[in-house]
A.B. asks: 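Below is a structure I'd like to ask you about.
Index from 1, following the sequence. Atoms within a ligand are numbered from 1 in the order they appear, just like the ligands themselves.
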Amino acid sequence: MKNLASFALAIAATLPAFGNMPAYRDTSKPVEERVEDALARMTLQEKINIIHAQSKFCAPGVPRLGIPELWTTDGPHGIRPEVLWDEWDQAGWTNDSCVAFPALTCLAATWNPDMAALYGTSIGEEARYRGKDVLLGPGVNIYRTPLNGRNFEYMGEDPLLASRMVVPYVKNLQALGVAACVKHYALNNNEVNRHTTNAVVDDRTLYEIYLPAFKAAVQEGGAWSIMGAYNYYKDQHACHNQYLLNDILKGEWGFDGAVISDWGGTHDTRQAITNGLDLEFGSWTNGLSNGASNAYDNYYMAAPYLDLIRKGEVGTKELDDKVRRVLRLTFRTAMDYSKGSGAICSEEHYDAARRIGAEGIVLLRNEGSVLPIRPASGTRILVVGENAVKMMTVGGGSSSLKVQREISPLDGIRNSAAGVASVDYARGYVGDVSGEYNGVTTGQNLADSRTPAELIAEAVEKARNADYVVFVGGLNKSAGQDCEDSDRASLGLPYGQDAVIEALAAANPRTIVVNVSGNAVAMPWVKKVPAIVQAWFLGSEAGNSIADVLFGRANPSGKLPFTFPVALADNGAHALGAYPGTRREGSDIVDLEYSEGILVGYRWHDTKKIKPLFAFGHGLSYTTFGYGKAGVSASSMGADGTITVSVPVTNTGDIAGAEVVQLYISDPECSVERPTKELKDFKKVYLQPGESRTVEFTVRPSDLAYFDAAAHEWVAEPGRFVASIGSASDDIRTSVKFNLK
Ligand code: GLC
């Protein structure tokens, strides 16, 4: 919390005796005028100070001018607990618990931009209440490999879905005076070798797959800051990268915000000066060993930069641009006095977490409509699995949180069955019994000395006498699972879970598998269990969101934001052997060829005709939806025209539900290779039983274009196109042809 007394004094010192406020402090003045006024008043040292951190998570303002510090905070799913000034470890505050919102894979799985707006508002209020100016999120790196430890923080494999979902999050967050810091720009698609990977990506793939979500966040969302990634691109670190930052972000996209380094992502003063970095955080410089009193003076953009200026080796043009961007960020956040004071741990935030969680849960399989569970008196439910009880809000890396509460899946199921059904529990397997991250501990003691055989025997014995068995397993937030700074080693479930599931399925035909993960997993038992639910890392309300779906209070409407391959080799990033890359002779750089190019995710599976375990866009409901014949407003579209593609959708079941109607476009006559089809729009429609609605999509030439790298522009070639509409990428219900003149 800022020291209000000194703050007030600092302000008083800057107000001229006659009280007329200097422009930079006058919130009625345009931000640009305030920026120029402040810049003109700052000394060279003050300009250098403001472009790098002064602590683990804050940058200095200009005390003399009453320009406040800029406070950043992790993470994309909730507001990180306070750490010591210059440490990762906890500061030991007692008022910094928060609400953990569902991981962003879950948000993406709602396919509902309204949920993204709710998310941005809710997390923004928590950030504002905690006095934070920049939220270090959301993350929108594309899901390229199912092994990437941080996929749970991102929004899936498709650039259109991620683009549509990131924009409302950014807009609503920033409406509260909290800047988004969209990350990690760009090409940070795996965690192994994250500091040394040099992503080798052709321009067409870069522009069609890996940039769109960042571009949408900037141009449609108006993001006020962007976080540079750790990896290299074209042999330059992404945190100071001529191509990504100057040419594309600030040049082509007109980004007027600040580029913030990832923590430790800055490596070179001269590159940082010229290649677009504006605010340096987390550099690994131990100034104390250099005898300096303040390690932060040794940051690449601190004394070394000042030194170059004083020697006349570099000018101050770049410095002024950096300072303008940091001042703009400050005026939009810390010095926007209209921004209100937010709220934390409110019932509204818990309700938002629960709703987003329930709406993002994906019903993958439901043979014989085993779900929803309709408990009658005497119904016996057995819950099995470590993930039914293990806290998931601690761990996973920088998105780890200290929550005020976390409802476990077992808690949620017990709460829902209370008074009607009995609920028993069996561990089933032992996975990761630890539970600590940077000093935040779960306080759970999950230790269990029994052998796998004993654990399975207990679970099977209980399963024989149950009416329902709910196995809650999947991954967790420990290293080598869904966690920053490491990737998984394989696609399969860890800790022998497959054997547990097989044994339970053999013991009880109504075995329901709830997979808690941020990544696809192999499911060799997929045909042996009648029901499978993909539950994400759902945060504080996890158990309630899961129970809402299992017991039918929420009719599942989530759709997969990424493909579940049957085997790792079926995935484009692994089929060609490119992952995790090749170390360069005599260097620590690992060149990682994105050799599948634009064929990421379902684009690969469709084009190579590889049947997935569960497809991108797949998700069942407790009701059913019928699609009529697609229609088109005209048989052809001019280069500057549009056409409307429409389809009647009916709820053909007996309960209300929501369907995500997906529009894919194919370009069968193109002069260049294109994926079989690409998602170009979607709409989520809520229908009562028997209700029909005609869903309309407006198709523009830009929806038909591919990126012509040679011409460096988007091109829509005249000719025949096909609009395919369906309930999943592998469940196209109707198609219609049209021409582009
Ligand atoms: C981490 C992460 C980044 C996070 C930052 C601060 O290494 O890569 O996402 O916001 O450092 O914790």
Side-chain angles (χ1 to χ4, degrees), residues 52-59 70-91 96 98 103-105 123 127 130 132-142 148-155 166 169 173 178-197 199 213-214 217 223-232 237-239 258-267 277 279-285 296 299 394-402 437-440 477 479 482-487 518 537:
H52 64 81
Q54 68 173 356
S55 82
K56 193 57 81 181
F57 284 101
C58 91
L70 201 64
W71 279 91
T72 70
T73 180
D74 287 315
H77 309 146
I79 310 306
R80 182 175 185 152
E82 299 298 333
V83 295
L84 295 172
W85 184 256
D86 188 26
E87 302 297 336
W88 292 109
D89 285 335
Q90 301 310 299
D96 58 350
C98 71
L104 295 192
T105 37
I123 199 170
R130 285 272 300 282
K132 306 303 180 184
D133 307 302
V134 181
L135 179 73
L136 302 175
V140 290
N141 291 103
I142 289 295
N148 177 24
R150 292 187 87 171
N151 278 331
F152 72 97
E153 290 186 56
Y154 305 146
M155 298 193 190
V166 71
Y169 182 127
L173 172 69
V178 179
C181 185
V182 185
K183 67 190 186 181
H184 303 87
Y185 183 73
L187 300 166
N188 181 185
N189 303 101
N190 49 268
E191 289 297 291
V192 68
N193 307 321
R194 66 172 174 164
H195 298 284
T196 56
T197 291
F214 288 102
W224 291 339
S225 69
I226 290 279
M227 185 187 292
Y230 282 135
N231 51 276
Y232 293 83
H237 281 99
C239 286
V259 173
I260 298 176
S261 74
D262 198 342
W263 269 237
T266 311
H267 298 271
L277 180 62
L279 193 41
E280 179 184 357
F281 270 94
S283 293
W284 297 321
T285 164
Y296 294 94
Y299 269 37
V394 175
S398 57
S399 61
S400 177
L401 296 170
K402 177 167 86 174
Y437 185 78
N438 273 354
V440 177
K477 298 288 194 70
D482 281 336
C483 182
E484 179 176 336
D485 204 19
S486 66
D487 287 348
F537 296 115

A.B. asks: Measuring from atom 4 (C) of ligand 1, which candidate in V83, D74, I260, N188 has the nearest non-hydrogen atom?
C.D. replies: D74

A.B. asks: Backbone, side chain, both or neither: what part of H195 comes under 4.0 angstrom of ligand 1, heavy atoms only?
C.D. replies: neither

A.B. asks: List for me each residue that meets ring-ring contact (aromatic ring centres under 6.0 Å, His included) alongside H195, sequence neighbours excluded, and say none if there are none.
C.D. replies: Y230, W284

A.B. asks: Would K477 count as a cation-pi partner of F537, with NZ or CZ less than 6.0 Å from the six-membered ring centre and within 45° of the ring normal?
C.D. replies: yes

A.B. asks: State whether the side chain of Y299 and the backbone N or O of S283 hold a donor-acceptor pair below 3.5 Å, judged by distance alone.
C.D. replies: yes

A.B. asks: Examine distances only and state if a side-chain atom of D133 and a backbone atom of W71 form a donor-acceptor pair shorter than 3.5 Å.
C.D. replies: yes

A.B. asks: Distance under 4.0 Å to a non-hydrogen atom of W88: what atoms of ligand 1 satisfy this?
C.D. replies: 12 (O)

A.B. asks: Closest non-hydrogen protein atom to atom 1 (C) of ligand 1, residue and atom name please, with distance?
C.D. replies: E484 OE2, 3.2 Å

A.B. asks: Is there a nitrogen or oxygen of W263 sitting under 3.5 Å from a nitrogen or oxygen of ligand 1?
C.D. replies: no

A.B. asks: Do any heavy atoms of Y230 fall under 4.0 Å from ligand 1?
C.D. replies: yes

A.B. asks: Using a 4.0 Å cutoff against the non-hydrogen atoms of L136, which atoms of ligand 1 qualify?
C.D. replies: 10 (O)

A.B. asks: Which atoms from ligand 1 have a heavy atom of S398 less than 4.0 Å away?
C.D. replies: 2 (C), 3 (C), 4 (C), 9 (O), 12 (O)

A.B. asks: So, does E153 sit close enough to ligand 1 that a heavy atom of it is under 4.0 Å from the ligand?
C.D. replies: no

A.B. asks: Which of the atoms in ligand 1, numbered in the order shown and given with their element, are less than 4.0 Å from a heavy-atom of R80?
C.D. replies: 12 (O)

A.B. asks: Please name the pair of heavy atoms, one in A186 and one in N231, separated by the smallest distance, quoted to 0.1 Å.
C.D. replies: O-ND2, 3.0 Å

A.B. asks: Please list, chain by chain and in numerical order, all residues satisfying side chain to side chain donor-acceptor pair (under 3.5 Å) with N151, sequence neighbours excluded.
C.D. replies: N148, N519

A.B. asks: Quick one: look up the protein heavy atom nearest atom 9 (O) of ligand 1 and list residue, atom name and how far away it is.
C.D. replies: H184 NE2, 2.7 Å

A.B. asks: Please say which of W88, W85, F281 ends up in a ring-ring contact (aromatic ring centres under 6.0 Å, His included) with F57.
C.D. replies: W88

A.B. asks: For atom 11 (O) of ligand 1, what is the nearest protein heavy atom, given as residue, atom name and distance?
C.D. replies: D262 OD1, 3.1 Å

A.B. asks: So does R80 get a backbone contact from the side chain of R130, meaning a donor-acceptor N/O pair under 3.5 Å?
C.D. replies: yes

A.B. asks: Is it true that R194 and D485 have a side-chain N and a carboxylate O under 4.0 angstrom from each other?
C.D. replies: yes

A.B. asks: For K132, is there an ion pair with E82 - N to carboxylate O distance below 4.0 angstrom?
C.D. replies: yes

A.B. asks: Atoms of ligand 1 less than 4.0 Å from K183 heavy atoms?
C.D. replies: 3 (C), 4 (C), 9 (O), 10 (O)

A.B. asks: Run the numbers for me: atoms of ligand 1, each under 4.0 Å from some heavy atom of R194, listed by number.
C.D. replies: 7 (O), 8 (O)

A.B. asks: Which bit of K56 is near ligand 1, meaning a heavy atom under 4.0 Å away: side chain, backbone, both or neither?
C.D. replies: neither

